[in-house]
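The next block holds one structure in the form of structure tokens; read it before the comments.
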Amino acid sequence: MRADTLHATLVFIGNVEPGRLEKLQQAAREVRTDGFELCFDAARYWAHNHIVHAAPSDTPPPLNQLVDTLSQQLDAHGCKFDRRDYQPHVTLLRNARWGGAPLPAMRQVCWQVRNFALMQSVQREGLADYRVLTRFPLRAGGG
């Protein structure tokens, strides 16, 4: 993955008709939670989709609160989204092949989360490219 495409998905929405973007943006604007620190310190491999990703050993409660609040606002605005159990991660490598051995240890990387974004995935030359449509600030004072 290119550094400029690294992100942690909060809620996966999928394909959206352009006319429904305003509903998504309104739902996100109504999210009121504090900023926080999110640290990734574990390299992991999902064999079912061949992805190597970074994950936090411990999910900070403010991250769960952000995901829950965003999900509630999306529901309130009638927006459909994927309702899987939330597993915070950042995809590092796609189409990876890894045996059963543990992945090498990784150095901890911490993000200061001060906003979240509505992103669009666009295919370019067979690869996913991510474009920020709108950013939504979180309250100052967290993490």
Taking side chain as C-beta onward, heavy atoms only, is [X] less than 4.5 Å from [Y]?
X      : Y      : value
Asn64  : Thr59  : yes
Leu38  : Cys110 : no
Gln25  : Phe136 : yes
Met119 : Arg131 : no
Pro62  : Asp34  : no
Arg114 : Leu138 : no

[atom1]/[X] to [atom2]/[Y] distance, rounded to the nearest 0.5 angstrom?
X      : Y      : atom1 : atom2 : value
Cys39  : Gln112 : SG    : CD    : 7.5 Å
Cys79  : Gln26  : SG    : CD    : 10.0 Å
Leu74  : Ile13  : CG    : CD1   : 5.5 Å
Leu118 : Thr134 : CG    : OG1   : 5.5 Å

Do you know the tightest heavy-atom contact between [X] and [Y]?
X     : Y     : answer
Pro60 : Phe36 : CG-CD1, 4.3 Å
Ser57 : Arg44 : CA-NH2, 4.3 Å
Leu6  : Thr91 : CD2-O, 3.4 Å
Leu63 : Leu10 : CD1-CD2, 3.7 Å

* Taking it one step at a time, do Arg29 and Glu22 satisfy salt bridge (Lys or Arg N to Asp or Glu O under 4.0 Å)? -> CA-CA 10 Å; Arg29 277 193 290 271; Glu22 181 54 38; 2.6 Å; yes

* Just by distance, do the side chain of Asp41 and the backbone of Pro56 share a donor-acceptor pair under 3.5 Å? ->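 Checking the backbone N and O of Pro56 against the side chain of Asp41, no donor-acceptor pair under 3.5 Å is found.
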
* Counting only N and O atoms by type, is there a donor-acceptor contact under 3.5 Å from the side chain of Tyr45 to the main-chain atoms of Pro102? -> no

* **Gln65 and Thr33: CA distance, side-chain angles, deciding distance, side chain to side chain donor-acceptor pair (under 3.5 Å) verdict** => CA-CA 7 Å; Gln65 181 182 359; Thr33 62; 5.7 Å; no

* To do: Might you work through the side-chain contact (heavy atoms from CB on, under 4.5 Å) test for Val11 and Asp82, ending with a clear yes or no?
  => CA-CA 7 Å; Val11 176; Asp82 193 346; over 6 Å; no

* Verify salt bridge (Lys or Arg N to Asp or Glu O under 4.0 Å) between Lys80 and Asp75, making sure each step is shown before the conclusion. => CA-CA 7 Å; Lys80 295 179 183 173; Asp75 273 336; over 6 Å; no

* Where at least one partner belongs to residues 61-91, residue pairs that pass ring pair (Phe, Tyr, Trp, His ring centres under 6.0 Å), sequence neighbours excluded -> Trp46-His89, His53-His89

* **Residue pair His7, Tyr130: steps toward the side-chain contact (heavy atoms from CB on, under 4.5 Å) verdict** => CA-CA 9 Å; His7 66 280; Tyr130 299 93; 3.5 Å; yes

* Report, as yes or no, whether the 6.0 Å neighbourhood of atom CG on Asp58 holds more than 12 heavy atoms from other residues, nucleotides or ligands. =>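 Atom CG in Asp58 is not packed in, count stays at 12 or less.
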
* To do: Decide yes or no on side-chain contact (heavy atoms from CB on, under 4.5 Å) for Phe40 and Met106, but give the supporting numbers first.
  => CA-CA 9 Å; Phe40 299 92; Met106 67 172 275; 4.3 Å; yes

* Would a hydrophobic clustering, with Ile, Leu, Val, Met, Phe, Trp and Tyr connected at side-chain separations under 4.5 Å, put Leu93 with Ile51? -> no

* Asked: Would His50 and Trp98 satisfy side-chain contact (heavy atoms from CB on, under 4.5 Å), going step by step from the backbone distance to the final call?
  -> CA-CA 8 Å; His50 307 288; Trp98 191 261; over 6 Å; no

